[in-house]
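Reading through the structure tokens given below for one structure.
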Protein chains: 2
Amino acid sequence: MTRSSRKTARPVAFAADGHDHMSCIAEALQRAVALCESRGTQLTELRRRVLELVWSSHEPIGAYRILEQLDRPLPGQMRGKARRAAPPTVYRALDFLIEQGLVHRIESLNAFVGCDQPQATHAGQFMICGHCGVALELNDAGIANALASCATRLGFKVERPTIEVRGICPNCVRSGATQPAHAEHRHG
Amino acid sequence: MTRSSRKTARPVAFAADGHDHMSCIAEALQRAVALCESRGTQLTELRRRVLELVWSSHEPIGAYRILEQLDRPLPGQMRGKARRAAPPTVYRALDFLIEQGLVHRIESLNAFVGCDQPQATHAGQFMICGHCGVALELNDAGIANALASCATRLGFKVERPTIEVRGICPNCVRSGATQPAHAEHRHG
DNA sequence: CTGCGGTATGAAATAGTATAACATCTCGGA
DNA sequence: TCCGAGATGTTATACTATTTCATACCGCAG
């Protein structure tokens, strides 16, 4: 994992092409395994599978979409009488993953996205493209400082900052997208 | 969802005491009337009533709470067989109020709060107290600049920034509150 | 081995949030 | 008078999340 010289985390998601997502997933899972092992927490098969689904793209995914995918039998299994997993199953897995810092919740989308840097401090800053749906996590010191300074001035004790910036990502800007096209969402 | 001390005086907008909330509401409604008049938009009785309910405290209120209050007959009316208003009624009113900039949606709470400065630009920055539930809107240039500069660096075109900082407000910090006590919410 | 406790998952029901689709009403203007 | 636009009523449904109780699995003390 190369370190960018920027203050801002490397823009993985908005890096137009040259992004092998298969290895992107693989690396995320590898990091997760290592992290949980080092912490003595249990990354069970179910949780691993949910994490994999969350990482299936850089677009935040809803809990019920995960549920659907969970139901989909793996290649080689019969379609048969697959019992439908219940919501708590996926929500519990997500809770675990969030606790471990492996996944973030995107409040403005009621959806979940994988975290690049599960070890780092979690400021939780996201740039979310309304066109392609991709969410880029960043860790910008400038924003964090501005926030902290503002809070200090007010005497407010920060516990959990939520920063989710909706807009159009560089790729989509280049391709002339100004409209949703993503059909994504109500309040936007 | 258990309510915290519903009837106790509310610490308003972090401005410890000396806050006459009645006039706070009145002023907000006055501003709204003036604004809509100047724009030629219709602040109907229903919308005015919803706005009033949103302003009933500085704690963000859910759409269904508004609905309940809407059902409650005004003093002087008979309890009778009041027809229950349906969700779309309140959501539509909220949509209008949000469009007019009179109300903001707090994504992380699925709730709504009145806006102090309906005319000003809406950066949408909130400090939300997890103890007393109060949400303070602010318009901090430092935060806005940091965000803008970061977006520029990335080539990201900002459309709607969402900044919601969860924590403990000065009043509650002073009274030694470190725990929720507000029971408000799931993902916290 | 057996039972115990802790953690993880299964399963059913329900709570909470939001929208779709269509009907009706009202009011001003052609 | 009729039309059209905007606001609201009404019914149904979709989507998101949690509560509650039951069961399974695993490591370990007795």
Side-chain angles (χ1 to χ4, degrees), chain A residues 36-37 39-51 53-54 60-71 81-100 103-113 180 182-188, chain B residues 1-3 36-37 39-51 53-54 60-71 81-100 102-113 180 182-188:
Chain A
C36 289
E37 180 145 358
R39 286 175 181 165
T41 56
Q42 308 181 43
L43 185 63
T44 62
E45 175 54 20
L46 174 65
R47 291 165 174 174
R48 201 199 57 78
R49 191 127 171 259
V50 169
L51 180 59
L53 289 170
V54 167
I61 184 175
Y64 279 70
R65 290 246 305 119
I66 294 174
L67 207 46
E68 287 165 13
Q69 304 291 124
L70 267 185
D71 288 336
K81 313 279 132 254
R83 257 199 316 271
R84 227 187 151 65
T89 297
V90 64
Y91 279 105
R92 284 192 286 230
L94 286 169
D95 284 347
F96 170 84
L97 295 170
I98 289 170
E99 240 171 64
Q100 299 298 316
V103 163
H104 288 295
R105 178 185 168 84
I106 306 295
E107 302 287 354
S108 58
L109 295 176
N110 293 332
F112 305 85
V113 74
H182 198 57
E184 185 65 39
H185 215 232
R186 44 188 193 291
H187 39 270
Chain B
M1 186 187 294
T2 52
R3 287 339 254 125
C36 288
E37 180 145 357
R39 286 176 181 164
T41 56
Q42 307 181 44
L43 185 61
T44 62
E45 174 55 21
L46 174 66
R47 290 166 175 173
R48 201 198 58 77
R49 192 128 170 258
V50 168
L51 181 59
L53 289 169
V54 167
I61 185 175
Y64 281 70
R65 301 293 155 284
I66 295 174
L67 207 46
E68 288 166 11
Q69 303 291 124
L70 223 40
D71 288 336
K81 29 128 212 149
R83 260 198 315 271
R84 227 187 149 65
T89 296
V90 63
Y91 278 105
R92 283 192 286 229
L94 286 169
D95 283 347
F96 171 83
L97 295 169
I98 289 171
E99 240 171 65
Q100 299 297 317
L102 295 164
V103 163
H104 288 296
R105 179 187 167 83
I106 306 295
E107 302 287 355
S108 58
L109 295 175
N110 294 331
F112 305 84
V113 73
H182 198 59
E184 186 64 39
H185 215 231
R186 45 191 191 289
H187 39 272

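Just so it is clear: chains get the letters A, B, ... in the order the sequence lines come, proteins before strands, and each one is counted from 1. All values derive from a computational prediction rather than experimental measurement.
For A/Glu45 and C/dG10, the CD to P distance is 11 Å, given to the nearest whole Å. Atom pair B/Leu97:CG and D/dT8:C1' shows a separation of 15 Å (rounding to whole Å applied). Note: CG (B/Leu94) to P (C/dT17) measures 13 Å, nearest angstrom. Atom CG in A/Leu43 sits roughly 15 Å away from atom C1' in C/dT9 (whole-Å rounding). For the pair A/Ile66 CD1 and D/dA17 P, the interatomic distance rounds to 10 Å; values are reported in whole Å. Between B/Glu99 atom CD and D/dG6 atom P there is a gap of 12 Å when expressed in whole angstrom units. Separating the CD atom of A/Gln42 from the C1' atom of D/dA24 is a distance of 13 Å, rounded to the nearest angstrom. One interatomic measurement links the two molecules: CD1 of A/Ile106 to P of D/dA17, which rounds to 12 Å at whole-angstrom precision.
In this model, the phosphate group of C/dG10 is approached by a side-chain N or O of A/Thr89 to a distance below 4.0 Å at OP1 or OP2. The side chain of B/Arg49 contributes no N or O atom lying less than 4.0 Å from OP1 or OP2 of D/dT8. The side chain of B/Asn110 contributes no N or O atom lying less than 4.0 Å from OP1 or OP2 of D/dT16.
Of the candidates C/dA18, D/dA17, D/dT10, the closest approach to any side-chain atom of A/Pro87 belongs to D/dA17. Listed nucleotides: C/dA11, D/dT10, D/dA7. Nearest to the side chain of B/Arg47: D/dA7. With distances taken from any side-chain atom of A/Arg92 to the nucleotides C/dA18, C/dA11, D/dG9, the minimum falls on C/dA11. Checked against C/dA18, D/dT11, C/dA11, the side chain of B/Pro88 finds its nearest nucleotide in D/dT11. Closest to the side chain of B/Tyr64, out of D/dT18, C/dA18, C/dT9, is C/dA18.
Residues A/Thr44 and B/Tyr91 each lie close to DNA chain C; by heavy-atom proximity, the contact nearer the 5' end of the strand is made by A/Thr44.
Put simply, the side chain of B/Val113 does not reach to within 4.5 Å of the side chain of B/Arg105, judged on heavy atoms. At a threshold of 4.5 Å between non-hydrogen side-chain atoms, the residues A/Val54 and A/Leu94 count as touching. Counting heavy atoms from C-beta on, the side chains of A/Leu43 and A/Leu97 come closer than 4.5 Å. Looking only at side-chain heavy atoms (C-beta outward), A/Leu70 and A/Leu46 come within less than 4.5 Å of each other.
Annotation for A/Glu37: atom CD does not count as buried by contact number, only 12 or fewer foreign heavy atoms lying within 6.0 Å.
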